Amino acid sequence: MICGHASFSKTARFSDLVASVQHCDLCPRLCAKRKVLSQANGNIQSKVLFIAEAPGRLGADRTGVPLHGDRSGDNFEALLGNVGWRRNQVFITNAVLCNPQDEDGTNGTPTFEEIANCSAYLEMTISLIQPDVVVTLGATALDALSIILPHGLILRDAVARLTPWCGRQLFPLYHPAPRATVHRSLAKQRSDFMLLAKAVHPESGMPRKTRDRPAKHPLLPSPALSSLQHAVRALLELGGRMTYFKLTKLLYLVDLAAIERLGRMVAGEVYLRQVDGPWPPRLNQALKEMDGFEVRRFSMRRLPMVELGPSPRGDVKLGDDVLQIIVDVYAGYGKMSNEQIKTAVYRTGPMRYVLQQERCGKDMRNKALLYRNRTIDLLVGETE
Ligand code: SF4
């Protein structure tokens with residue numbers, strides 16, 4: 001009875017999710033397209049959830065069945081069949097549920113904003129299906145999971161390996177699209193699927209002893225992180241990932257707010273006037289020391305990015321008053337674009353002072369905007 005009720009409830013919740021998706025108009029470019037989420041996505045009781053990139057123009061957008069009807073679908077079905085799995089034993093969805101068609105009518109790539117919009121549905125789908133293993137197909141699907149909970153994985157390094165993520169296992173694979181076989185041949189993809197089938201059964205899941213085994217992490221020494229490093233960690237815990245540029249501005253705003261509220265700085269020791277505004281010179285070294293542990297550095301569209309790393313050592317150690325400042329600063333500025341946060345920073349007292357001096361012809365490059373719990377206007381007053 002209880003099982004029957006639970007199962008009915010899962011079916012009903014899935015129907016509710018499907019119905020709510022059909023009304024979604026979050027992405028102006030995509031919302032008129034077919035939203036590929038229905039009973040045709042597969043078995044909601046499955047222990048294996050596949051996530052691909054987006055419905056294809058000749059595939060799911062036409063058939064309503066994810067990874068079906070085009071050459072990617074043919075490859076995927078062949079890979080499944082090779083390990084003796086059937087489509088109705090697994091659940092398949094996409095990072096975005098609508099086909100991102102380019103102006104010339106070909107399959108386009110979903111933008112970061114579109115993937116972020118649809119990540120709420122992806123998160124709901126995962127929490128409804130409750131798979132033992134989430135299998136991402138391609139880098140876009142893998143990156144989409146980072147929006148839900150940062151994992152710090154890169155496809156080429158993490159491919160075909162189980163990694164704990166969000167209370168379950170993540171198994172990143174390459175996309176079965178013909179163009180992806182340049183990076184990973186179909187023969188290699190067939191052996192990846194064999195590894196997957198060895199690790200998990202689509203209906204009975206992972207063997208309990210495997211599922212419950214703690215992740216194999218080397219015992220990492222817990223280094224004494226500086227207050228700057230703890231502040232970086234706290235900001236990344238809130239934001240997941242951000243540009244290096246935004247991180248420098250958020251740190252400046254945190255320290256400026258800390259001087260006002262607490263009378264002291266809490267993250268950096270000095271912020272210098274650079275071309276794009278305040279910059280803490282110790283940040284690069286701080287990030288380097290945390291790289292691969294608390295943070296991961298990478299580039300996206302040529303912009304240096306920072307995100308929460310895969311193996312944080314220890315907890316964030318900051319007082320409640322400091323954490324509150326970081327939370328408040330992130331709430332006020334964290335969602336701004338680079339341009340917006342730059343404007344906000346240029347309106348702060350120290351930057352207004354610097355700009356005024358520069359208008360009078362003074363060279364303010366590399367002058368300290370904040371230093372030893374003082375702002376530049378006070379620092380100059382003390383030395384004059
Ligand atoms: S891609 Fe997702 S978020 Fe965007 S319109 Fe379609 S269903 Fe909505």
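All values below come from the heavy atoms of this structure, side chains included, with hydrogens, waters and symmetry mates left out. Note that this is a predicted model, so its numbers are computed, not measured. In listed order, ligands and their atoms are each counted from 1.
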I need the nearest protein heavy-atom contact for atom 8 (Fe) of ligand 1: residue, atom name and distance, please.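 Protein heavy atom at minimum distance: Cys24 SG, 2.2 Å.
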Which residue holds the protein heavy atom closest to atom 4 (Fe) of ligand 1, what is that atom called, and what is the gap in Å? Cys27 SG, 2.3 Å
Going by atom types alone, do [X] and [Y] pair a side-chain donor with an acceptor below 3.5 Å?
X      : Y      : answer
Asn117 : Glu113 : no
Asp70  : Ser72  : no
Gln229 : Glu294 : no
Asp363 : Gln357 : no
Tyr121 : Thr93  : no

Using a cut-off of strictly less than 2.8 Å, determine whether Cys31 has an N/O/S atom near atom 2 (Fe) of ligand 1. no
Examine Cys118 and say whether one of its N/O/S atoms is closer to atom 8 (Fe) of ligand 1 than 2.8 Å. no
Nearest to atom 7 (S) of ligand 1 by heavy atom, Ala95, Ala54, Cys98: which? Cys98
Which atoms of ligand 1 are found less than 4.0 Å from any heavy atom of Leu30? 1 (S)
